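Keep in mind the model is a prediction, meaning the values are calculated, not measured.
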Amino acid sequence: MGKVKVCVKRSYMVVTSLMALISALLLAATLFSHGHFHDDEEIDKMLAGIHFMYAISIITLLLSIIGLYGSCKKKKWALILFAVGIILCILFMFDFERRGLAVRPMVVENMKEQYLSLLPLSNASEHDIEGLKDTQIELQCCGLDQGYLDWGYNISETCLCFEDSTNPCVVAPKNSSLFVDWKHNQPVMIYKESCLPYLISHALIAMNLVIGVTLGLTLFWMLSVVLCIIILCQQRQKKDIPAVVYHPEARTGNYAVLTETTEYT
């Protein structure tokens, strides 16, 4: 078995240790998320993603431990198992990222269909109305598709535009419910933009963030595999054995001593 360079071994151990740490943190975050959303009404929609996070975090954590064991104890089978397992994870993650990029248009269409089904807002459930009001406050928007027109006469007070607002505002129609108790001479300003474009934009940003993080993890895993393969290649190299060279002018001092000893015997 050949000698592994110290710099390569240390680099591999550092990278693999970071992989194990990230996997442990990911597993802890998954456990926390599972417990937090356990009683949520939409937990069934989250189970697939939660199970996926469980699988990735546990598998990579176990493989990292096996890889560290193989590096410390010089076990080839452990290093080979680590390399093969991480390569399969990399291929799986690349396929996941490809699918994520492919379903982006489908996600946009599904979001549009889901939110537009709430119209008209006068027929929407109280739960959906409260969620939309929170969204209007957070994103500084009004309505879903056609702005304040989606509310009809009863425009929500969460559409009111404040002075420090960063989004454009317009004057509310005077025949709306906002003017019933309005005693000021100034016009009532409400948000101009509808909320659906902002919701779609935030969803796409979240998808891009997830894909970017998974791509970064995949590249990090690739680095560990490259270092592992280098270690395996260096272990396969034979040790350098110094060659014995005959020199015709070798000194015979030692032989003379042996000769003198035999004469006395």
Side-chain angles (χ1 to χ4, degrees), residues 1-38 40 43 45-104 107 201-239:
M1 182 180 293
K3 184 178 180 181
V4 179
K5 293 183 179 180
V6 177
C7 60
V8 177
K9 183 176 181 179
R10 289 180 178 176
S11 300
Y12 171 76
M13 294 185 68
V14 169
V15 172
T16 311
S17 299
L18 289 176
M19 281 182 55
L21 178 61
I22 293 172
S23 300
L25 292 175
L26 189 61
L27 179 59
T30 306
L31 287 170
F32 175 80
S33 301
H34 196 178
H36 181 72
F37 296 107
H38 180 70
D40 195 281
I43 184 63
K45 299 179 181 179
M46 305 178 186
L47 283 179
I50 291 175
H51 291 163
F52 170 77
M53 298 299 293
Y54 273 131
I56 289 296
S57 57
I58 292 175
I59 291 174
T60 53
L61 179 59
L62 292 177
L63 289 175
S64 300
I65 295 173
I66 293 173
L68 288 172
Y69 171 77
S71 177
C72 295
K73 299 297 183 180
K74 298 181 180 180
K75 301 292 185 179
K76 285 186 177 181
W77 67 265
L79 294 173
I80 293 173
L81 180 60
F82 170 82
V84 173
I86 295 297
I87 288 174
L88 292 177
C89 290
I90 290 173
L91 295 176
F92 179 79
M93 292 300 287
F94 276 140
D95 182 68
F96 170 77
E97 293 157 10
R98 180 187 63 82
R99 292 173 181 268
L101 293 173
V103 300
R104 280 162 54 95
V107 170
S201 176
H202 280 66
L204 292 178
I205 291 174
M207 290 186 64
N208 292 337
L209 181 62
V210 171
I211 293 174
V213 171
T214 54
L215 180 60
L217 287 175
T218 306
L219 295 177
F220 194 67
W221 294 350
M222 290 179 64
L223 176 61
S224 67
V225 171
V226 171
L227 292 173
C228 182
I229 293 175
I230 293 175
I231 291 176
L232 288 171
C233 292
Q234 290 181 354
Q235 287 182 350
R236 291 188 60 184
Q237 294 178 355
K238 296 182 180 179
K239 293 183 178 180

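- Of all non-hydrogen atoms in Val8 and Ile231, the two that sit nearest each other are CG1-CG1, 3.7 Å.
- Residues Ile211 and Phe96 fail the side-chain proximity criterion, which asks for heavy atoms closer than 4.5 Å.
- At a threshold of 4.5 Å between non-hydrogen side-chain atoms, the residues Met207 and Val103 count as touching.
- For the pair Leu63 and Met19, the minimum side-chain heavy-atom distance is 4.5 Å or more.
- Between the side chain of Glu97 and the main chain of Leu215, a donor-acceptor pair closer than 3.5 Å is present.
- Taking all atoms of both residues into account, the shortest heavy-atom contact from Cys228 to Leu79 is SG-O, 3.3 Å.
- The side-chain hydrogen bond (donor to acceptor under 3.5 Å, both in side chains) analysis of residues 63-72, with sequence neighbours excluded, yields no pairs.
- Sorted by first and then second residue, the ring-ring contact (aromatic ring centres under 6.0 Å, His included) pairs involving residues 4-30 (not counting sequence neighbours) are Tyr12-Phe82.
- Of the inter-residue distances, the one linking Ile66 atom CD1 with Ile80 atom CD1 reads 12.5 Å to the nearest 0.5 angstrom.
- The distance from atom SG of Cys72 to atom NZ of Lys9, rounded to the nearest 0.5 Å, is 6.0 Å.
- In terms of modelled atom types and a separation under 3.5 Å, the side chain of Gln235 and the main chain of Lys76 share no donor-acceptor contact.
- Atom CG of Leu217 is separated from atom CG of Leu26 by 7.5 Å, given to the nearest 0.5 angstrom.
- One distance of note links OG1 of Thr60 with CZ of Phe220; it measures 11.5 Å at 0.5 Å rounding.
- Atom CG of residue Leu88 and atom CE of residue Met93 lie 13.5 Å apart, to the nearest 0.5 angstrom.
- Here Cys7 contributes atom SG and Ile230 contributes atom CD1; the two are 9.0 Å apart, rounded to the nearest 0.5 Å.
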Exercise. Test Met222 against Ile87 for side chain to side chain contact (heavy atoms under 4.5 Å, CB included), laying out the working first.
Key: CA-CA 8 Å; Met222 290 179 64; Ile87 288 174; over 6 Å; no
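- For the residue pair Val15 and Ser224, the shortest heavy atom distance occurs at CG1-CB, 3.7 Å.
- The shortest non-hydrogen separation linking Thr30 to Ile50 is CG2-O, 3.7 Å.
- The number of heavy atoms from other shown groups lying within 6.0 Å of CZ (Arg98) is above 12.
- Residue Ser17 comes nearest to Leu68 through the heavy atom pair OG-CD2, 3.8 Å, listed as atom of the first residue, atom of the second, then distance.
- Under the rule for a ring-ring contact (aromatic ring centres under 6.0 Å, His included), Phe94 has no partner lying at least two apart in sequence or in another chain.
- Put simply, the side chain of Ser23 does not reach to within 4.5 Å of the side chain of Leu27, judged on heavy atoms.
- Side-chain contact check for Leu62 versus Ile58: some heavy-atom pair is nearer than 4.5 Å.
- Side-chain atoms of Thr16 never come within 3.5 Å of backbone atoms of Met13 as a donor-acceptor pair (strictly under, hydrogens ignored).
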